[in-house]
Amino acid sequence: MSSKEIRNKFLEFFKKKGHAIVKSSSLLPDDPSVLLTTAGMQQFKPYYVGKADAVRDFGSKNATSVQKCFRTSDIEEVGDNTHLTFFEMLGNFSFGGYLKKEAIRYAYEFVIEELGIERDRIYVTVFAGDPTTPEDKESYKIWHEEIGLPKEQIRRSGRADNWWGPTGNEGPCGPTTEIYVAKSPEDAKAGIGVEIWNVVFNEYFKDKDGNFNKLAVPGVDTGMGLERLVTMMQGVDNVFETDLFASIIKQIHEVSHDLEPSVIRILADHLRASIFLIADGVRPSNKEAGYILRRLLRRVLAYSSKYDIHADLFTLVLENVNEIFGDIYPEVKNKEEILNVYYEEKGKFAKALSDGLKIFNNLISEKKSQSFVENLRELVGLKKKVFLSGYDAFSLYETYGFPKELMQEFCKEKQIIFDEAGFDEEYKKHQETSRAGAEKKFGGHGLVLDTGELKAGSNEDMEKVIRLHTATHLLQKALRNTLGDEVKQMGSDINPERGRFDFSFTRKLTEEEVKKVENEVNDIINRDLPVYFKEMPIEEAKKTGALFFFKEKYPNIVKVYFVGPKGGSNEKAYSIEFCGGPHVEHTLQVGSFKIQKQESVGAGTRRIKFLIK
Ligand code: SER
């Protein structure tokens, strides 16, 4: 059975059972509480909580889809037989249509009758219950009494195995029942097999404070990883031998020399995943989804250089991906744009590398001159000459995106000892500090507002960051009025303590300029101008002369925020910007504005931190 047949079989089966076939949503979700789409249910979150109406939107309370997913949790594991970053998930969903009985029956019927797996080779698990949530006795009963599955093929398990969700810091969640396939009936009875299907009963809603509340209308959310299923159905050893990957693997072989299997798999996974991310509008950057893409691409580039792989690797694999997926996910056919993004990142990486390489060489020569004892030792053949410490290596990695793989390589070439364990330790330390920082600031709770730019942990914080946000728009305009149109937004980050605005400009502002900007912002605030938005097609929005952040990807309909008299022409508005909001309603609400400090962040970019009272 080809992967295409399996996708179709699944969708057609559930269509027959009264499900609407819904297209995969983008890897970039609408849901701000998650970076990327990690499960089929994600696009359906509003239907589970009654915020949207499935019957109105797709004519049924039941839906089925094949969803593009991306999980970062396994990124370090890629290279073995099973782990992937990008994958597809088959799913059926119900929002108040049916519950346990039908969900279990459908799954069983599909596995046994459509896939033809022998009944004695499966076993299932159900939620055993714990002090906060009762055991799922109903599912057990359905499997045993209605389906007639013998007790030896039903196992109970705790929250770690039989509970799902929520995605992000709040949302639907609940107990699961999972189907496993074993090699033999004996294995099935012993509980030795592979999980293929996760059937979730969304009976609860977990809120931001961690409380589990019963959902008014419980729902069903199931997920079956396509890659694993295809591996099993095609009777091959691992996913890389299936028709989802075989031609990509072959292609990589053809353009490289004797790579280790793990490297080939990493390349295959990262290339495929990057192509899908770019196709859905992700662009390499230093944060969030953009950072994930950058990491994937830079790893591919680092390997390409380390193993001297043919320069056409990306282009050729893009062709393979088009052959395998083009008619299912037409967005990958946008080859020109995908290649542009790749080449641009390749250029940036080359620059970062040459900068990094200089620093790398300096680090090493400094060490050479410093380390008299080491040189002496080397003279008597006791020890290698130089040493790249974990700390130095990590700074290179952090500042220049200099990949670890390349450091290993250069060190080997130059006979330098690379303290890899030290590097890993620094990496871990860094991750922990940033996590601890975020948790401290927000008391370990989820954020009530997180747009990427604005972050707030409570309603009080939220009010403050919204005021700071409006101040950011005023600041940008005042900077342009004072310094000229070369000022463009390069980034912004707002938390309850302060606003931060990065912009293109080549020198430090004089004291007079700082004063002038401050006065202008405060003047606009005191005029108490209305702040409002209009939604319009992106082309029309551009014509208003609105400022927009060129790095960002915008949808077809955008929100444009105006600060200025309502109903007046665009020219009369003080500030016009593409923006998702939220903002205050009139400028006096911002309070008084003060620039706290200015600094440089790299060539041609300045940063201003500001406060409001
Ligand atoms: N949401 C569940 C999962 O991702 C079932 O679809 O496994």
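Counting convention: from 1, in listed order, for ligands and their atoms alike. In this chain, residues are counted from 1 in sequence order. Values reported hereafter were calculated over all heavy atoms of this structure, with side chains retained and with hydrogens, waters and symmetry mates removed.
Remark: distances from the non-hydrogen atoms of Arg71 to ligand 1 include one below 4.0 Å. Distances shorter than 4.0 angstrom do not occur between any heavy atom of Met224 and any atom of ligand 1.
Remark: ligand 1 atoms within the under-4.0 Å shell around heavy atoms of Asn198 are 2 (C), 3 (C), 5 (C), 7 (O). Atoms of ligand 1 found under 4.0 Å from any heavy atom of Met41, numbered from 1 in the order shown, are 1 (N). Counting atoms of ligand 1 from 1 in the listed order, those under 4.0 Å from a heavy atom of Asp221 are 1 (N), 2 (C), 5 (C), 6 (O). For ligand 1, the atoms sitting less than 4.0 Å from at least one non-hydrogen atom of Val200 are 2 (C), 5 (C), numbered in the order shown with element in parentheses.
An N or O contact shorter than 3.5 Å is missing between Thr38 and ligand 1 by distance. In terms of polar-atom proximity, Gly223 is counted as a contact of ligand 1, with an N or O under 3.5 Å from an N or O of the ligand.
Using modelled atom types, one finds a donor on one side chain and an acceptor on the other under 3.5 Å when comparing Arg119 with Tyr108. Side-chain atoms of Tyr47 and Asp57 include a donor-acceptor pair closer than 3.5 Å. Side chains of Glu88 and Tyr329: a donor-acceptor N/O pair is present below 3.5 angstrom, by distance only. Counting only N and O atoms by type, the side chains of Gln67 and Thr37 include no donor and acceptor under 3.5 Å apart.
Other residues, nucleotides and ligands place more than 12 heavy atoms under 6.0 Å from the NZ atom of Lys100.
Of all protein heavy atoms, the one lying nearest to atom 3 (C) of ligand 1 is Trp164 NE1, 3.3 Å.
Electrostatic pairing of Glu425 and Lys428 does not count as a salt bridge here, judged by no charged N lying under 4.0 Å from a carboxylate O.
Under a 3.5 Å cut-off, the side chain of Gln234 and the backbone N or O of Asp243 do form a donor-acceptor pair.
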